[in-house]
Q: 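I'd like to ask you about the structure that follows.
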Amino acid sequence: MSDPSRDIRIGDAERSQALQVLGEHMSAGRIDVNEYGERSAKITTAKTRGELLALFYDLPDPRPQFGVPTPMFDRPSAAPARRWEGAVVPVVGIAVVIAFFVVVKNPLIFLLIPAVAILWGQWNGRRR
């Protein structure tokens, strides 16, 4: 069974630290210049912790060190927010007002439509 932390992606800071550690091994005589060149090229293209650590499998400490990964979201399992929930009350209210004017057959309905559109736009603008 493989370690899931080995699949975590790395960034430039981790690659830079690995190059520094590899340089220490070269300075200590554990690897030669050619091997340093080969491994450093692989370090610069490594994408995960596992790929990076594989380049140090035959070398003693020091090895690259990684911090504890922090979750990107506070609640990763939470369902995404539904944007329509806050619009139910205004939409129902507007529908009731329009239905009232239609039932009483008042010609003011044509004045109400632009007013409703303006109010709707202002209400949506405040929510963003």
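What you see below is based on every heavy atom in this structure, not just the backbone, and it leaves out hydrogens, waters and symmetry mates. For reference, positions follow the sequence shown, starting with 1.
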Q: Taking atom CG of Leu22 and atom NZ of Lys42, what is their separation to the nearest 0.5 Å?
A: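 Atom-to-atom, Leu22:CG and Lys42:NZ are 11.5 Å apart.
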
Q: Between Thr48 and Asp7, which heavy-atom pair has the shortest distance, and what is it?
A: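 That would be CG2-O, 3.7 Å.
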
Q: Nearest 0.5 Å, what's the CD1-CD distance between Ile8 and Glu14?
A: 10.0 Å

Q: Nearest 0.5 angstrom please: Ile31 CD1 to Ser40 OG, how far?
A: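 Rounded to the nearest 0.5 Å, the CD1-OG separation comes out at 8.5 Å.
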
Q: For Asp12, does the CG atom have more than 12 heavy-atom neighbours from other residues, nucleotides or ligands under 6.0 Å away?
A: no

Q: Are any side-chain N or O atoms of Gln17 and backbone N or O atoms of Ala13, one a donor and one an acceptor, separated by less than 3.5 Å?
A: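 Not at all, since once roles are kept as given, no pair shorter than 3.5 Å links the two residues.
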
Q: Using modelled atom types only, decide if a donor and an acceptor are shared between the side chain of Arg39 and the backbone of Leu55 within a distance under 3.5 Å.
A: yes

Q: Rounded to the nearest 0.5 Å, how far does CD of Glu35 lie from CE of Met26?
A: 11.5 Å

Q: Within a strict 4.5 Å, meaning less than it, do heavy atoms of the Pro64 and Arg49 side chains meet?
A: no

Q: With a 4.5 Å cut-off on side-chain heavy atoms, are Ile43 and Phe56 touching?
A: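 Yes, side chains in contact.
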
Q: For Thr44, which residues count as a side-chain hydrogen bond (donor to acceptor under 3.5 Å, both in side chains) partner, sequence neighbours excluded?
A: none

Q: Would you check if the side chain of Arg15 reaches a backbone N or O of Ala46 as a donor-acceptor pair within less than 3.5 Å?
A: yes

Q: Within the distance-only criterion (no hydrogens, no angle test), does the side chain of Glu38 pair as donor or acceptor with the backbone N or O of Tyr36 below 3.5 angstrom?
A: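 Looks like no, no N/O pair under 3.5 Å.
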
Q: Following the transitive rule for hydrophobic clusters with a side-chain heavy-atom cut-off under 4.5 Å over Ile, Leu, Val, Met, Phe, Trp and Tyr, establish whether Val33 and Val21 coincide in one cluster.
A: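 They do share one cluster, since a chain of ILVMFWY contacts under 4.5 Å joins Val33 to Val21.
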
Q: CG of Asp58 to CZ of Arg30: how many Å apart, nearest 0.5 Å?
A: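 That separation rounds to 11.0 Å.
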
Q: Nearest 0.5 Å, please: how far is CG in Leu53 from CG in Leu59?
A: 11.5 Å

Q: When you measure from the side chain of Glu24 to the backbone of Pro62, do you find a donor-acceptor pair of N or O atoms at a distance under 3.5 Å?
A: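 No; zero donor-acceptor contacts below 3.5 Å.
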
